[in-house]
Amino acid sequence: MNKFDTLNDKQKEAMFCTDGPELILAGAGSGKTKVLTHRTAYLIEEKHVNPWNIMAITFTNKAAAEMRSRVDALVGNGSEEIWVATFHSTCVRILRRFIDRIGYDNHFTIYDADDQKTVMKKIFREKNLDTRVFKERNVLAAISSAKDELIGPEEYKQQASGYGEERTAECYAVYQAELKKNNALDFDDLIVLTVRLFRTCPDVISYYQERFRYIMVDEYQDTNTAQFKLVELLAGKYKNICVVGDDDQSIYKFRGANIGNILHFEDSYPGAKVVKLEQNYRSTANILNAANEVIRNNRGRKDKHLWTSKGDGGKVKIYRYPSAVEEAKGVISEIKNAASGGDYSNFAVLYRTNAQSRLLEEKCVSFGVPYQLVGGVNFYQRKEIKDILAYLKTIANGRDDLAAMRIINVPKRGIGAAGIGRITVYAEANGLSFYDACASAVKMKVLGKSTDKVAKFTEFIENLRKKAKDMPVTDLIDEIMDKTGYREELLEEGEVEAQTRTENIEELKSKAASFENETAEDSGRDEDENGIPAGNADLTVLDRFLEEVALVSDVDRMEDGSGRVTLMTLHAAKGLEFPDVYITGMEDGLFPGNMSIAAADEGELEEERRLCYVGITRAKERLTLTWARQRMVNGETRFSDISRFLKEIPGEYTEEKDFTGDDEAYSSYGRNAEYRRKKEPDAEREYGSALPWENVPASSAPKKEKAKPPKPILFGKEFKVTKADHLEYGKGDRVRHFKFGEGTVLSIVNGSRDFEVTVDFDSHGVKKMFAGFARLEKV
DNA sequence: TCGAGAATTGTTTTT
DNA sequence: CAATTCTCGA
């Protein structure tokens with residue numbers, strides 16, 4: 001049987017349409033990745049399209065990696081020539097080559113949210129803005145939405161009305177100038193500047209139009225206006241653009257996603273072929289029906305109805321708990337029983353806000369359930385990691401003031417605010433970057449007593465700059481740790497602290513190592529062959545590593561098949577599936593959140609409902625929805641009612657259980673009867689400290705007390721999650737690597753963070769790698 | 001210059 | 001209830 005025959009009729013229809021614009025409306029679990037990969041194979045094998053001319057864009061690296069590996073498996077030769085990447089990494093790759101055409105330096109760095117905030121803070125200080133009125137967060141959010149709509153500072157200023165917006169406009173302009181001065185781009189700039197590049201340089205856009213003759217975009221419902229334009233420009237010549245998405249799964253409006261992109265695709269691309277995929281292959285009928293019932297309450301969606309040929313399966317379970325603590329306990333202990341010590345990777349626990357993860361984490365620890373937490377405090381936001389990265393950035397891009405200022409006194413060199421102030425003044429007077437000002441000020445001896453201290457710093461950086469060209473990043477990190485005294489200072493902080501921090505840095509090193517291993521293979525893949533000026537970026541491994549690190553998302557770091565329960569937000573869960581899913585915190589006020597309930601715009605509630613739909617449709621076989629009457633939020637106890645979304649699921653699909661020991665109250669909720677279609681006035685719901693004790697058994701009524709509680713004793717709790725306690729293979733064993741093929745294990749060193757395995761691969765020679773990354777399998 | 005303790009904020013969701 | 005920012009004394 002031909003591989004294309006494994007598709008159903010609709011999927012085939014989508015696959016056969018190769019030329020011209022196409023919109024695939026792919027419901028949850030309808031096999032869209034399968035369609036995309038087969039379509040790619042079909043293009044290459046049947047239509048004889050050169051793989052070099054095919055591009056697939058996704059949102060996360062994880063999705064890109066999955067697409068890549070599935071295409072690899074399907075297509076024989078040349079699949080590595082296909083451009084599979086995220087929006088952001090696509091733009092970085094393009095900008096690295098050509099950004100000098102629009103006045104930036106090709107060695108730009110990428111600013112994350114923290115960096116943006118630091119810049120904005122500085123601007124607030126300079127402009128003397130009252131931080132009680134203006135919040136960095138809000139101004140940055142406004143700027144970000146402007147960028148999503150391709151609105152520059154000038155245009156924003158023209159449109160601005162009122163004091164607040166005018167101020168924001170000023171900040172926007174200064175912010176942009178500051179970034180440019182630092183030769184830095186924020187996430188939004190990556191897209192915006194690529195669009196600008198295409199618009200200003202006809203030779204560049206026509207080169208890429210010629211190259212990307214066939215374009216596919218995944219999760220199209222999440223694209224914003226800037227991304228829409230980007231795709232439009234790329235597809236401008238051949239119009240072979242195939243987008244896949246599901247308007248019911250659009251959950252990133254807050255980030256600028258424009259649902260109109262998918263709803264009005266046929267207007268933007270007249271004559272577009274539209275294919276609907278409505279057969280769901282993922283979930284059992286009860287789960288799917290529950291999802292359908294919830295989402296049908298939304299207006300303004302493309303009409304569709306998912307169906308499955310699977311059996312009913314178990315009913316959707318709805319659990320009610322007295323408190324969030326009990327909820328966490330109940331869910332985790334049930335998972336422990338269900339897994340009975342075996343594989344936990346079938347389980348996912350989802351929640352609306354990151355703050356909810358803490359309790360669940362605690363219970364995992366106390367029940368001894370292995371877990372992986374996706375999101376939360378990002379690895380790359382930790383102090384020690386940011387410090388090391390700031391060193392690397394200063395080595396790579398001397399114009400990044402933020403990085404240089406971060407480390408000039410880390411570890412302590414006795415250069416404080418006063419010294420930094422003097423350098424800044426000197427820098428501004430001479431039009432230098434912060435780092436260059438350091439170097440120059442040292443030569444001119446204008447810093448008085450701190451000259452020597454600063455000199456030591458610049459000498460160190462200069463020295464590493466020379467070496468950086470041909471020194472592995474791992475060694476660079478070691479050198480930074482040892483020569484600056486960073487390691488020593490870390491050790492002085494206390495044992496536990498030092499231990500975890502060194503481990504984190506070890507992990508960073510292992511990432512660097514595996515990165516270098518991988519890129520050694522495919523460097524130069526997007527080298528030019530058509531004679532266009534190749535751009536000026538002579539990128540070092542260091543540049544590329546920093547770029548890689550800047551663009552990883554939390555989901556990317558998730559491992560599947562790790563044998564652990566996955567804890568993550570509903571947002572992070574999009575695109576994933578698990579046999580057994582728990583959604584916790586199904587309470588009005590939390591999910592849907594108060595913000596969306598109170599919002600004048602009804603669309604906000606609908607977005608929450610889509611999020612609920614996304615959550616439900618992650619489950620393949622079992623789904624449990626839980627809620628708690630009482631939970632701590634921001635330090636105060638909050639009482640809630642069951643989520644309105646649960647009331648939208650008819651009782652025939654569900655099975656309810658109460659863990660509060662308070663039966664009559666529960667049965668009186670009257671779920672699933674008259675709620676649907678009735679517009680709720682929604683004013684009568686109370687929670688919070690207003691009248692809590694009226695809702696709760698007297699015994700647990702909280703005491704109101706003003707007296708300062710005694711100082712709590714804090715104890716550090718340590719979670720050890722990463723390193724496997726043993727490996728399945730040993731020295732001399734034959735193993736297989738997903739990329740390098742088979743080889744023989746030469747040695748295994750038990751490193752502090754992970755095992756370092758050296759393997760002699762049959763076709764790729766000897767490589768050293770960290771076990772966690774290499775994912776070696778014993779043959 | 002720098003740390004410890006106090007005060008003050010704050011919550012969606014994130015590439 | 002944190003996490004972050006602020007203030008003050010050495």
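Every heavy atom of this structure was used, including side-chain atoms; hydrogens, water molecules and symmetry mates were not. This one's a predicted model, so the numbers in the text were calculated from it and none came from an experiment. By convention in this document, chain letters (A, B, ...) are assigned in the order of the sequence lines, proteins followed by strands, and residues within each chain are numbered from 1.
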Name the nucleic acid region contacted by [X], choosing base, sugar-phosphate or nothing; use a 4.0 angstrom heavy-atom cut-off, strictly under.
X: A:N354; result: sugar-phosphate
X: A:V555; result: sugar-phosphate
X: A:G375; result: nothing
X: A:A418; result: sugar-phosphate

Gap between atoms [atom1] and [atom2], on [X] and [N] respectively (whole Å):
X: A:K135; N: C:dA3; atom1: NZ; atom2: P; value: 20 Å
X: A:N634; N: C:dC1; atom1: CG; atom2: P; value: 12 Å
X: A:Q381; N: B:dT14; atom1: CD; atom2: P; value: 11 Å
X: A:L590; N: B:dT13; atom1: CG; atom2: P; value: 10 Å
X: A:K412; N: B:dG3; atom1: NZ; atom2: P; value: 4 Å
X: A:M568; N: B:dT14; atom1: CE; atom2: P; value: 11 Å
X: A:M595; N: B:dT11; atom1: CE; atom2: P; value: 8 Å
X: A:D148; N: B:dT13; atom1: CG; atom2: P; value: 18 Å

Would you call the rings of [X] and [Y] parallel, tilted or perpendicular, taking 30° and 60° as the class edges?
X: A:F515; Y: A:F545; result: tilted
X: A:Y208; Y: A:F198; result: tilted
X: A:F591; Y: A:F645; result: perpendicular

Write down the atom of A:T86, the atom of A:F59, and the distance for their closest heavy-atom approach.
CG2-O, 3.7 Å

Can you tell me if the side-chain N/O atoms of [X] get under 4.0 Å from OP1 or OP2 in [N]?
X: A:R137; N: B:dT13; answer: no
X: A:K574; N: B:dT14; answer: no
X: A:N594; N: B:dT11; answer: no
X: A:S553; N: B:dT14; answer: no
X: A:S596; N: B:dT12; answer: no

Which distance, rounded to the nearest 0.5 Å, do you find between the SG of A:C364 and the CD of A:E361?
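Here the interatomic distance stands at 7.5 Å.
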
What nucleotide, of [options], holds the atom closest to the side chain of [X]?
X: A:T353; options: C:dA2, B:dT13, B:dT15; value: B:dT13
X: A:N409; options: B:dC2, C:dC1, B:dT14; value: B:dC2
X: A:Y252; options: B:dT12, B:dT9, B:dT14; value: B:dT14
X: A:R352; options: C:dC1, B:dT15, B:dT13; value: B:dT13

Closest nucleotide of DNA chain B for A:G416 versus for A:F187: which of these residues is on the 5' side?
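Its nearest nucleotide being more 5', the pick is A:G416.
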
Between C:dT4 and B:dT13 - P atom distance, rounded Å:
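Nearest-Å result for B:dT13 against C:dT4 at atom P: 14 Å.
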
Lys NZ or Arg CZ of A:R610 over A:Y613 ring: under 6.0 Å, within 45°
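The answer is no; the distance or angle limit is not met.
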
N/O donor-acceptor pair, side chain A:R255 with base B:dT15, under 3.5 angstrom:
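Check fails, no donor-acceptor contact within cut-off.
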
Does the aromatic ring of A:F254 sit over the six-membered base ring of B:dT14, closer than 5.5 Å centre to centre and tilted less than 30°?
no

Please lay out, stage by stage, how A:W627 and A:Y321 fare under the test ring pair (Phe, Tyr, Trp, His ring centres under 6.0 Å).
CA-CA 6 Å; A:W627 67 287; A:Y321 291 97; 9.5 Å; no

Atom pairs under 3.5 Å: protein N/O with N/O of nucleotides 5-10 of chain C:
{"residue": "C:dT5", "atom": "OP1", "partner": "A:K121", "partner atom": "NZ", "Å": "2.2"}

NZ/A:K456: more than 12 non-hydrogen atoms of other groups inside 6.0 Å
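Atom NZ in A:K456 is not crowded, with 12 or fewer foreign heavy atoms closer than 6.0 Å.
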
Which is it for A:K386 and A:D112 under the side-chain contact (heavy atoms from CB on, under 4.5 Å) test, yes or no, and what are the steps along the way?
CA-CA 11 Å; A:K386 293 209 84 172; A:D112 66 12; 3.2 Å; yes

